[in-house]
Amino acid sequence: MARPKESPTIATVYEALDLLTVDQLKQLLSLLPTKERATKKGELMALIERHLCGERLRALWEQLDETQKLAVAETIYSAEGTFNADRFKAKYGELPVFGTKKGGYREDPSPLRLFIYPGHHWSGSATIVPEDLKQRLLSFVPKPSAPALPSTDQLPEHFELVEKVYEWQEGDEGITLVMGKRVYRMPSQEPDVKIVTHQIPLICCDTASAAQQDLLTVLRLIDKGKVAVSDKTFQPSSATMGEIASLLRGGDFYQPVPKRKEWQPEIGPIKAFAWPLLVQAAKLAELHGKKLALTKAGRNALSAPPAKTLRLIWQRWLKAKLLDEFNRIDEIKGQHGKGRRSMTAVETRRAVIVEALTGVRWEAG
């Protein structure tokens, strides 16, 4: 996760309009219910600004469609003060219309552009409501509902995964492109698109009960001196993970799959990898030589209610620095060297996740 940059802010509508070109300002003016026209930039800015005050502002807002109104609401009530397209689409299933593309970078703006502006230049992605405009809108724009996840009493047996499959036409010799010393062959015709639906079986795991049993299994295995970890990374050895996986209730989440090619990512153990790190973070075990040994707290945990110990592990893991979970995902590049400076702190990232989990409102579906 990249370290978030400081949220851009624009104090006034006038400053936001000043970032636009004369042609862009004329486009915005054409959206207003007025016959007044101007040619100079300052005159255009002043004319538009007058319509974003008082009852005129509310009348413009009423002209927005429901999705556009929600975009304004989500922006002015967001902690960052910016429009987040990914978050908006995840919540509402679609994006608001900011404008209609005319080819290339040209666009006919929608009325939403009068409310949400780009931070630096007209880049095609509007993100900010100027502060003075925001304060006026807060007086009548209702606060959007909190994110909600629908729930169901019974899961379906399958999940439908819909994907597009592109089929290139046979005999298409394509177009040859030469770029520097490289030669590329591109198809000359658009591919046929076929929609394919896959039925993915859903498997339910009772992880709450399994975790209590697996905790005691791992603690007993440590007590027998059978959990070896690295003295540098404190991560379990391959043999240890295999031993743990064989004793876990229901095994690990996924069966080991050997790589068929050297460049392919390897699906390794998850639970068997995590348990030795979790008990170390909770100070239930510590390294003695090349193997883990139970601490006094670990021995007490053998006879304590597992649920109580799991709560302790969770609380201590939130601030542990034994592992950055992103290190387990090979596809996330730039995690080492200079790239690490752009990564957020592990404990800060986990705190955000906890806040999101505790703030979700569940609705019966």
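In this chain, residues are counted from 1 in sequence order.
In the displayed structure, K91 atom NZ is contacted under 6.0 Å by more than 12 heavy atoms of other residues, nucleotides or ligands. R311 CZ: 12 or fewer foreign heavy atoms inside a 6.0 Å radius. Taking a 6.0 Å sphere around CD of Q199, one finds it holds more than 12 heavy atoms contributed by other residues, nucleotides or ligands. Within a 6.0 Å sphere centred on CD1 of I203, heavy atoms belonging to other residues, nucleotides or ligands number 12 at most. Taking a 6.0 Å sphere around CD of E157, one finds it holds 12 or fewer heavy atoms contributed by other residues, nucleotides or ligands.
In the hydrophobic clustering of ILVMFWY residues, with side-chain heavy atoms under 4.5 Å counting as a link, F253 and L248 come out apart. A single hydrophobic cluster is not seen to contain both M343 and V346; linkage of ILVMFWY side chains at heavy-atom distances under 4.5 Å, directly or through other members, places them apart. Side-chain heavy atoms closer than 4.5 Å link hydrophobic residues (I, L, V, M, F, W, Y) into clusters, and following such links, even through other members, never connects W314 to W275. Note on L323: it does not cluster hydrophobically with I270, by side-chain heavy-atom contacts below 4.5 Å among ILVMFWY residues. No continuous path of hydrophobic side-chain contacts links L215 to L318 [ILVMFWY only; heavy atoms under 4.5 Å].
The shortest heavy-atom contact between F159 and L202 is CB-CD2, 3.9 Å. Closest approach of T344 and R349 over heavy atoms only: O-NH2, 2.8 Å. Of all heavy-atom pairs between L114 and L133, the closest is O-CD2, 3.8 Å. In plain terms, the two heavy atoms of K164 and I195 that are nearest each other are CG-CD1, 3.6 Å. S145 and E74 make their closest contact through O-OE2, 4.5 Å (heavy atoms, listed as atom of the first residue, atom of the second, distance). Of all non-hydrogen atoms in L219 and A301, the two that sit nearest each other are CD1-CB, 3.8 Å.
By the side chain to side chain contact (heavy atoms under 4.5 Å, CB included) test, E94 pairs with T67, sequence neighbours left out. Not a single side chain to side chain contact (heavy atoms under 4.5 Å, CB included) links S139 to another residue, sequence neighbours left out. Judged as a side chain to side chain contact (heavy atoms under 4.5 Å, CB included), and not counting sequence neighbours, the contacts of K41 are D18, V22, L25, M45. For R87, the side chain to side chain donor-acceptor pair (under 3.5 Å) partners are E80, not counting sequence neighbours. Annotation: salt bridge (Lys or Arg N to Asp or Glu O under 4.0 Å) contacts of E55 (sequence neighbours excluded): none.
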For residues 282-289, please give each side-chain donor-acceptor pair under 3.5 Å, one per line with the distance, not counting sequence neighbours.
| unit_1 | atom_1 | unit_2 | atom_2 | d |
| --- | --- | --- | --- | --- |
| E286 | OE2 | H288 | NE2 | 3.3 |

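For K271 (side chain) and D252 (main-chain N/O), no donor-acceptor pair under 3.5 Å exists by modelled atom type. Looking at Y117, its side chain never comes within 3.5 Å of a backbone N or O of V13 through a donor-acceptor pair. Judged by distance alone, the side chain of Q280 and the main-chain N or O of F234 form a donor-acceptor pair under 3.5 Å. A distance-only check finds a donor-acceptor pair linking the side chain of Q24 to the backbone of T21 [under 3.5 Å]. Checked by atom type and distance alone, the side chain of T152 never pairs as donor or acceptor with a backbone atom of L155 at under 3.5 Å. Listed for the T233 side chain is no donor-acceptor partner under 3.5 Å among the backbone atoms of S230. Judged by distance alone, with hydrogens and angles left aside, the side-chain atoms of R316 form no donor-acceptor pair with the main-chain N or O of L278 at under 3.5 Å. Checking side-chain atoms of Q68 against main-chain N and O of D65 turns up a donor-acceptor pair under 3.5 Å.
Under 3.5 Å, the side chains of D214 and T217 contain no donor-acceptor pair of N or O atoms. Residues Q335 and N327 bring a donor and an acceptor atom of their side chains to less than 3.5 Å of each other.
Ring-plane geometry between F83 and F98 is classed as perpendicular, the angle between the planes exceeding 60 degrees on a 0 to 90 degree scale with a lower cut at 30.
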Please evaluate residues F115 and T75 with respect to the criterion side-chain contact (heavy atoms from CB on, under 4.5 Å), reporting the C-alpha separation (whole Å), side-chain torsions for both, the decisive distance (0.1 Å), and the verdict. CA-CA 10 Å; F115 296 86; T75 305; over 6 Å; no
Run the numbers on D132 and R136 for salt bridge (charged side-chain N to carboxylate O under 4.0 Å, His left out), then give the verdict. CA-CA 7 Å; D132 61 345; R136 298 174 211 158; 3.2 Å; yes
Worked verdict on L57 versus L137 for side-chain contact (heavy atoms from CB on, under 4.5 Å): CA-CA 8 Å; L57 175 63; L137 291 168; 4.0 Å; yes
Assess the residue pair K69 and Q63 against the criterion (side-chain contact (heavy atoms from CB on, under 4.5 Å)); give the C-alpha distance rounded to whole Å, side-chain angles, the decisive distance to 0.1 Å, and a yes or no. CA-CA 9 Å; K69 288 179 179 178; Q63 293 176 13; over 6 Å; no
In sequence, state the C-alpha distance, the side-chain angles, and the governing distance for H198 and E160, and then conclude on side-chain hydrogen bond (donor to acceptor under 3.5 Å, both in side chains). CA-CA 6 Å; H198 303 278; E160 284 193 357; over 6 Å; no
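In this structure, the side chains of P144 and Y92 come closer than 4.5 Å at one or more pairs of heavy atoms. Side-chain contact check for T39 versus L44: every heavy-atom pair is 4.5 Å or farther apart. By the 4.5 Å heavy-atom criterion applied to side chains, L312 and K308 are not counted as neighbours. Side-chain contact check for K89 versus D86: every heavy-atom pair is 4.5 Å or farther apart. Residues E131 and T12 are not in side-chain contact: their nearest non-hydrogen atoms beyond the backbone lie 4.5 Å or more apart. You'll find the side chain of K291 stays beyond 4.5 Å of the side chain of K226, heavy atoms only. Using a 4.5 Å cut-off on side-chain heavy atoms (C-beta onward), P276 and I244 make contact.
Within the structure, no pair that satisfies the ring-ring contact (aromatic ring centres under 6.0 Å, His included) test touches residues 12-31, not counting sequence neighbours. Listed by first then second residue, pairs satisfying salt bridge (Lys or Arg N to Asp or Glu O under 4.0 Å) with a partner in residues 139-148 number zero, not counting sequence neighbours. Legend: ring-ring contact (aromatic ring centres under 6.0 Å, His included) pairs involving residues 128-156, not counting sequence neighbours, sorted by first then second residue: W61-F140. Screening residues 236-246 for side-chain hydrogen bond (donor to acceptor under 3.5 Å, both in side chains) gives S237-T240 as the qualifying pairs, with residues at least two apart or on separate chains.
In this structure, CZ on R299 lies 7.5 Å from CG on L302, to the nearest 0.5 angstrom. For the atom pair NE2 of H51 and CG of L28, the computed distance is 12.5 Å after rounding to the nearest 0.5 Å. Remark: R249 CZ to Q213 CD distance equals 5.5 Å, nearest 0.5 Å.
The side-chain contact (heavy atoms from CB on, under 4.5 Å) test with P118 singles out one residue from T127, I10, L20, I128, and that residue is L20.
Cluster partners of V97, using a side-chain heavy-atom cutoff of under 4.5 Å among ILVMFWY residues and allowing indirect links: none. Cluster partners of V196, by chain and number: V165. The rule joins Ile, Leu, Val, Met, Phe, Trp and Tyr whenever side-chain heavy atoms lie under 4.5 Å apart.
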